[in-house]
Amino acid sequence: MNDKTKRWISDLQIHAVKEMAKNLGMLLGTEVRSSTPDWSTVALKEVLARFSPEGILSEFDIEGATSKKSGGIFLERKDGIMLGGSLAMLGEDALQEKIASQDLDETIFDALREVANQLVGYFDRAAGEKMADIFHFRHRETFLLKDHQPDFPEDREYVFLPFRFEWGKSLQAEPGFLVPAEIFYTYTESSTEKPEGKSSKDEQAMQTPAVAVIPVSSRVANWESLFEKQKAAVVKVAKASQLLELFQKGQPVRVLIIDGDGNVDAGIEICGKLRQAVRSRSVALWLAGEKWTEAKVREAVKAGADYV
């Protein structure tokens with residue numbers, strides 16, 4: 001692995017941990033602090049040896065233009081209890097009791113599945129921003145290591161990216177992302193090449209990110225002024241099908257703002273449909289509306305909202 005690729009992976013790790021901490025804080029309803037332990041290149045057997053059979057694996061697919069690969073998030077059992085239990089709204093004392101008894105019950109495990117799904121989504125968004133959406137990461141399922149054989153080739157080189165998160169008085173977790181090293185080689189070796197048939201005018205147009213507002217309402221002007229300093233083109237979109245035209249033209253869309261026009265539930269419904277249609281986390285979904293409660297914010301984040 002050359003120095004360019006190493007620097008790029010380090011930059012991605014720093015970018016991803018900020019994205020993940022910010023959004024994980026929204027999901028858990030608290031401030032999340034973060035740091036990045038050293039990443040490493042490893043063989044699959046080395047990673048499996050680091051984690052207890054009682055640990056947790058959340059597998060994800062890595063989809064490219066012509067190929068599909070696999071990766072996963074590895075967690076110690078106590079970290080899974082902390083993350084899942086926090087989403088299930090257990091207090092710190094109750095969580096410490098669960099950790100002491102290693103009690104990963106069904107409620108916590110179901111909540112952990114959702115946290116893992118969101119973490120993969122946050123990583124997908126961060127990677128998409130750094131890798132020009134060449135690859136997309138899709139959560140598959142979460143397992144106990146003792147009950148599941150990882151669906152990864154053993155003869156492949158991997159990059160292990162650990163992320164450390166802390167919240168509350170004493171809660172912390174360190175999920176580690178295992179990603180095939182060839183993903184990074186593919187990007188860093190091809191990133192200096194310019195697409196054929198693109199004029200400088202075309203390149204400039206495609207580099208201008210767009211802010212799409214769905215649906216158009218009387219409050220659009222406020223959003224336009226918000227993004228004016230970021231030099232983002234504002235694209236007023238009345239329905240989701242018009243987004244496909246933007247993507248087909250190569251127009252990068254940075255933010256989709258769902259203006260519920262005062263109807264929070266309608267905005268959440270639209271958000272859920274858009275997140276299914278536009279799965280890339282490099283496209284942020286913002287929800288505007290009134291009368292938000294903590295429960296509605298959690299519902300919006302679960303539906304795929306990145307900012308409420």
Side-chain angles (χ1 to χ4, degrees), residues 1-17 19-21 24 34-64 67-84 99 102 104 109 112-113 115-117 119-124 126-127 130-131 134-166 172-189:
M1 182 176 291
N2 61 35
D3 290 341
K4 174 185 175 181
T5 302
K6 290 178 181 178
R7 287 194 301 271
W8 191 91
I9 293 173
S10 295
D11 288 345
L12 171 63
Q13 186 187 29
I14 293 170
H15 180 64
V17 78
E19 182 72 27
M20 294 162 77
L24 186 60
S34 64
S35 58
T36 51
D38 292 338
W39 62 268
S40 57
T41 54
V42 295
L44 177 61
K45 62 181 181 180
E46 295 176 66
V47 177
L48 293 175
R50 293 184 191 181
F51 290 85
S52 160
E54 297 295 326
I56 297 149
L57 168 64
S58 279
E59 292 184 347
F60 51 77
D61 293 321
I62 307 169
E63 300 173 0
S67 63
K68 185 174 181 179
K69 306 184 189 307
S70 298
I73 303 174
F74 285 80
L75 279 165
E76 292 293 1
R77 190 182 185 92
K78 63 179 180 60
D79 293 356
I81 293 172
M82 287 191 185
L83 286 169
I99 292 167
Q102 293 288 287
L104 182 61
F109 195 74
L112 177 60
R113 282 195 183 97
V115 174
N117 179 45
L119 285 176
V120 173
Y122 305 150
F123 187 82
D124 176 60
K130 298 290 286 185
M131 300 171 73
I134 291 178
F135 296 100
H136 293 294
F137 297 76
R138 310 277 184 248
H139 180 254
R140 191 190 303 160
E141 187 51 274
T142 301
F143 311 91
L144 292 176
L145 281 170
K146 66 179 181 179
D147 298 332
H148 180 72
Q149 181 67 31
D151 184 24
F152 314 140
E154 294 186 7
D155 58 350
R156 180 175 290 170
E157 180 187 24
Y158 293 90
V159 171
F160 187 75
L161 289 163
F163 300 94
R164 183 176 295 127
F165 302 109
E166 300 178 20
Q172 63 179 6
E174 191 172 308
F177 276 65
L178 187 72
V179 182
E182 64 192 271
I183 296 295
F184 304 112
Y185 293 136
T186 299
Y187 178 72
T188 56
E189 291 174 4

Ignoring hydrogens, what is the shortest heavy-atom contact between [X] and [Y]? Give both atom names and the distance.
| X | Y | value |
| --- | --- | --- |
| His139 | Ala116 | NE2-CB, 3.9 Å |
| Thr41 | Val159 | CG2-CG2, 4.3 Å |
| Ala126 | Ala16 | CB-CA, 3.6 Å |
| Leu12 | Phe184 | CD2-CE2, 3.6 Å |
| Ile99 | Lys78 | CG2-CB, 3.9 Å |
| His136 | Asp124 | CA-OD1, 3.1 Å |

### Sole candidate of Leu75, Ile56, Leu57 that passes side-chain contact (heavy atoms from CB on, under 4.5 Å) when paired with Leu145
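Considering Leu75, Ile56, Leu57, a side-chain contact (heavy atoms from CB on, under 4.5 Å) with Leu145 is found only for Leu57.
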Once rounded to the nearest 0.5 Å, what's the spacing between atom [atom1] of [X] and atom [atom2] of [Y]?
| X | Y | atom1 | atom2 | value |
| --- | --- | --- | --- | --- |
| Glu157 | Leu44 | CD | CG | 13.0 Å |
| Glu174 | Asp79 | CD | CG | 7.5 Å |
| Ser40 | Tyr158 | OG | OH | 14.0 Å |
| Phe160 | Glu46 | CZ | CD | 11.0 Å |
| Thr142 | Ile73 | OG1 | CD1 | 7.5 Å |
| Leu24 | Phe165 | CG | CZ | 6.0 Å |

### Task
Evaluate the side-chain contact (heavy atoms from CB on, under 4.5 Å) criterion for residues Gln149 and Phe143: first the C-alpha distance (whole Å), next the side-chain angles of each, then the deciding distance (0.1 Å), finally the verdict.
CA-CA 9 Å; Gln149 181 67 31; Phe143 311 91; over 6 Å; no
### Exceeds 12 heavy-atom contacts within 6.0 angstrom, atom CG of Asp38
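Check fails, neighbour count at 12 or below.
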Sub-4.5 Å side-chain heavy-atom contact between [X] and [Y]:
| X | Y | result |
| --- | --- | --- |
| Arg113 | Glu141 | yes |
| Pro162 | Gln13 | yes |
| Ile62 | Pro180 | yes |
| Leu178 | Val42 | yes |
| Leu144 | Arg77 | yes |

### Task
Applying salt bridge (charged side-chain N to carboxylate O under 4.0 Å, His left out), run through Asp61 and Arg140 and close with a yes or a no.
CA-CA 7 Å; Asp61 293 321; Arg140 191 190 303 160; 2.4 Å; yes
### Task
Could you tell me how the ring of Phe163 sits relative to the ring of Phe123: parallel (under 30°), tilted (30 to 60°) or perpendicular (over 60°)?
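Because their plane-to-plane angle is over 60°, the rings of Phe163 and Phe123 count as perpendicular.
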### Query
Is it true that the side chains of Glu59 and His148 contain a donor and an acceptor less than 3.5 Å apart?
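Yes - a donor-acceptor pair under 3.5 Å links their side chains.
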